[in-house]
J.: 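Supplied in structure tokens, the structure appears directly below.
Labels below follow one simple rule: chain letters A, B, ... track the order of the sequence lines, proteins then strands, and each chain is numbered from 1.
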Amino acid sequence: MPELPEVEITRYGLAQELAGSTASGAVVREARLRWPVPADLSARLQGQRLKRIERRGKYLLFRFETGTLIGHLGMSGSLRVVPAASPAGPHEHVDLVFGARAARLRDPRRFGALLWHAGADESHPLLADLGIEPLGDQFDGEWLFRATRGRRTPVKLFVMDSHVVVGVGNIYASESLFRAGIRPRRPAGRLTRAECTRLAQAIRDTLQDALAAGGSSLRDFIHSDGASGYFQQQHYVYDRAGQACRVCGQSIRTLRLGQRSTFWCAKCQR
DNA sequence: CCACGCTCCTGCGCGC
DNA sequence: TGCGCGCAGGAGCGTG
């Protein structure tokens with residue numbers, strides 16, 4: 001599933017190939033994504049130059065001359081540049097066409113989205129209330145310490161709340177908490193300053209490592225048919241229930257938190 | 001404001 | 001081997 005590093009690599013790859021190009025339209029084979037793809041998408045894009053592609057959280061922002069195409073890959077989506085004339089396979093729902101090339105959205109589970117925003121800003125309701133960027137300058141231990149004060153929600157759910165911090169999905173939440181040595185059920189507001197410092201750093205490191213892993217396989221990611229696209233990171237705890245902790249050897253435990261599977265080591269995390 | 005559970009959807013893995 | 005069931009997950013949204 002695309003987490004923030006995959007989205008960033010997608011953004012970078014698409015921008016390398018398509019920024020500055022002029023769209024000739026869009027082909028919508030299946031409009032039923034999370035929200036309906038606008039019926040007039042092709043007309044809106046036709047003849048417009050794609051100025052640049054930005055990212056906010058896991059949202060991709062295609063900045064065109066008269067507005068922004070907001071994209072989200074949901075949990076099964078990918079966007080890749082293909083020859084516009086190549087036949088579309090299963091679940092390849094939308095093409096953003098730029099002459100002979102197209103950015104093709106494949107999204108089997110259709111949790112993704114493509115929406116039009118008539119502006120060059122972040123005033124769209126989906127963007128306006130997003131939290132801080134975890135790889136930005138503001139995000140550090142002190143910020144996290146202040147943000148968590150008074151919050152009783154389990155720290156894992158807190159860091160996964162995109163209105164607090166964007167881009168920390170279920171996998172990286174467990175991984176970051178392991179790296180920080182903090183148990184996932186700890187009430188967020190009870191973390192010490194030192195723990196917040198460790199956690200903020202762990203989140204940055206986890207995302208940065210994934211980004212680095214993705215950078216080295218960038219070519220594959222952009223051009224492959226998908227299977228090799230997602231980063232095969234070595235997880236410390238995620239999906240390792242019952243297996244030996246890579247640090248201490250104890251059996252990795254699992255629990256449900258907010259209807260999400262959660263993995264942790266009882267010895268390494270306190 | 002806060003906490004929490006439901007929801008969308010399809011592919012996969014498991015048990016029989 | 002084949003079938004059917006349950007689970008997985010990002011994040012908006014409704015409810016208490």
Side-chain angles (χ1 to χ4, degrees), chain A residues 1-8 10-11 29-37 55-61 70-79 88-94 105-115 117 122-134 146-177 184-191 203 206-207 210 225-233 235 237-243 252 254-263:
Chain A
M1 49 245 67
E3 298 243 11
L4 185 139
E6 283 90 343
V7 177
E8 175 58 22
T10 297
R11 182 204 68 77
R29 303 177 197 85
E30 173 58 85
R32 295 173 302 166
L33 302 185
R34 173 150 197 195
W35 298 281
V37 177
R55 178 188 61 73
R56 181 71 175 91
K58 293 183 184 173
Y59 289 95
L60 291 164
L61 308 179
I70 301 173
H72 197 291
L73 299 177
M75 62 164 293
S76 62
S78 64
L79 257 174
H91 309 302
E92 296 187 335
H93 304 312
V94 179
L105 175 70
R106 176 185 137 90
D107 186 6
R109 295 182 197 181
R110 293 196 274 120
F111 278 23
L114 282 177
L115 295 170
H117 169 56
E122 295 186 3
S123 63
H124 190 279
L126 290 178
L127 308 175
D129 299 323
L130 287 179
I132 193 171
E133 288 285 337
R146 294 194 189 286
T148 48
R149 293 311 91 183
R151 298 292 300 270
R152 281 169 295 180
T153 197
V155 60
K156 177 179 182 248
L157 298 183
F158 183 84
V159 299
M160 287 180 67
D161 183 348
S162 60
H163 297 104
V164 175
V165 193
V166 293
V168 183
N170 195 45
I171 298 173
Y172 293 166
S174 280
E175 291 298 298
S176 300
L177 284 163
R185 271 183 296 205
R186 290 273 302 282
R190 295 282 182 79
L191 296 194
I203 288 171
T206 302
L207 295 173
D225 55 14
S228 65
Y230 299 122
F231 312 158
Q232 296 304 310
Q233 248 188 314
H235 296 138
V237 290
Y238 184 79
D239 208 20
R240 299 195 65 240
Q243 297 179 48
I252 297 300
T254 183
L255 64 93
R256 303 283 296 177
L257 222 38
Q259 287 80 245
R260 290 291 177 266
S261 53
T262 304
F263 303 87

J.: Quickly work out the L257(A) CG to dG10(C) P distance and round it to whole Å.
T.: 14 Å

J.: Taking ring pair (Phe, Tyr, Trp, His ring centres under 6.0 Å) as the test, write out the residues that go with F263(A), two or more places apart.
T.: Y238(A)

J.: Just to be sure I understand: a Watson-Crick pair is purine N1 to pyrimidine N3 plus N6-O4 or O6-N4, both under 3.5 Å. Using that and G-U wobbles, which stems of three or more pairs involve DNA chain C?
T.: B:2-16 with C:2-16

J.: Identify, with sequence neighbours excluded, every residue that meets side chain to side chain contact (heavy atoms under 4.5 Å, CB included) alongside K58(A).
T.: E3(A), V7(A), H72(A)

J.: By ring pair (Phe, Tyr, Trp, His ring centres under 6.0 Å), which residues pair with H91(A), not counting sequence neighbours?
T.: none

J.: I70(A) and side-chain contact (heavy atoms from CB on, under 4.5 Å): which partner among L61(A), L60(A), L114(A)?
T.: L61(A)

J.: Residues in side-chain hydrogen bond (donor to acceptor under 3.5 Å, both in side chains) with R151(A), at least two apart?
T.: none

J.: Strictly under 3.5 Å: I want the nitrogen or oxygen pairs between protein and nucleotides 2-5 of chain B, one per line.
T.:
unit_1	atom_1	unit_2	atom_2	d
dA3(B)	OP1	R152(A)	N	2.8
dA3(B)	OP1	T153(A)	N	3.4
dA3(B)	OP2	R151(A)	NE	2.5
dA3(B)	OP2	R151(A)	NH2	2.7
dG5(B)	OP2	Q259(A)	OE1	3.3

J.: Atom pairs under 3.5 Å, N or O on each side, protein against nucleotides 11-15 of chain C: can you list them with distances?
T.:
unit_1	atom_1	unit_2	atom_2	d
dA11(C)	OP1	H72(A)	NE2	2.6
dA11(C)	N6	R260(A)	NH2	2.8
dG12(C)	OP1	Y59(A)	OH	2.6
dG12(C)	OP2	H163(A)	NE2	3.3
dG12(C)	O4'	R34(A)	NH2	2.9

J.: Tell me if the CZ atom of R146(A) is crowded by more than 12 foreign heavy atoms within 6.0 Å.
T.: no

J.: Rounded to whole Å, please give me the gap between OH in Y172(A) and P in dG9(C).
T.: 14 Å

J.: Taking only N/O atoms, report every protein-nucleotides 10-12 of chain B pair under 3.5 Å with atom names and distance.
T.:
unit_1	atom_1	unit_2	atom_2	d
dT10(B)	OP1	R110(A)	NH2	2.8
dT10(B)	O2	R109(A)	NE	3.2
dG11(B)	OP1	H91(A)	NE2	2.4

J.: Expressed as a whole number of angstroms, how long is the span from L33(A):CG to dT7(B):C1'?
T.: 16 Å

J.: Going by the rule side chain to side chain contact (heavy atoms under 4.5 Å, CB included), which residues pair with R260(A) if we only count those two or more places apart in sequence or in a different chain?
T.: K156(A), N170(A)

J.: In this structure, are over 12 heavy atoms from other groups packed under 6.0 Å from R29(A) atom CZ?
T.: yes

J.: Nearest whole angstrom, please: distance from the C1' of dG9(C) to the CD of E3(A).
T.: 10 Å

J.: Who are the side chain to side chain contact (heavy atoms under 4.5 Å, CB included) partners of R185(A), not counting sequence neighbours?
T.: L255(A), L257(A), W264(A)

J.: Mind calculating the distance between CG (L60(A)) and C1' (dG10(C)) to the nearest angstrom?
T.: 14 Å

J.: Any idea which heavy atoms bring D107(A) and G112(A) closest together, and the distance?
T.: OD2-N, 2.8 Å

J.: Got a sec, which residues hit side chain to side chain contact (heavy atoms under 4.5 Å, CB included) with R109(A), two or more places apart in sequence or on another chain?
T.: M75(A), S76(A), F111(A)

J.: Check this one for me: any side-chain N or O of S261(A) less than 4.0 Å away from OP1 or OP2 of dC7(C)?
T.: no

J.: Please indicate whether R32(A) has more than 12 foreign heavy atoms, meaning atoms of other residues, nucleotides or ligands, lying under 6.0 Å from its CZ.
T.: no

J.: Sequence neighbours excluded, which residues qualify as salt bridge (charged side-chain N to carboxylate O under 4.0 Å, His left out) partners of R11(A)?
T.: E8(A)

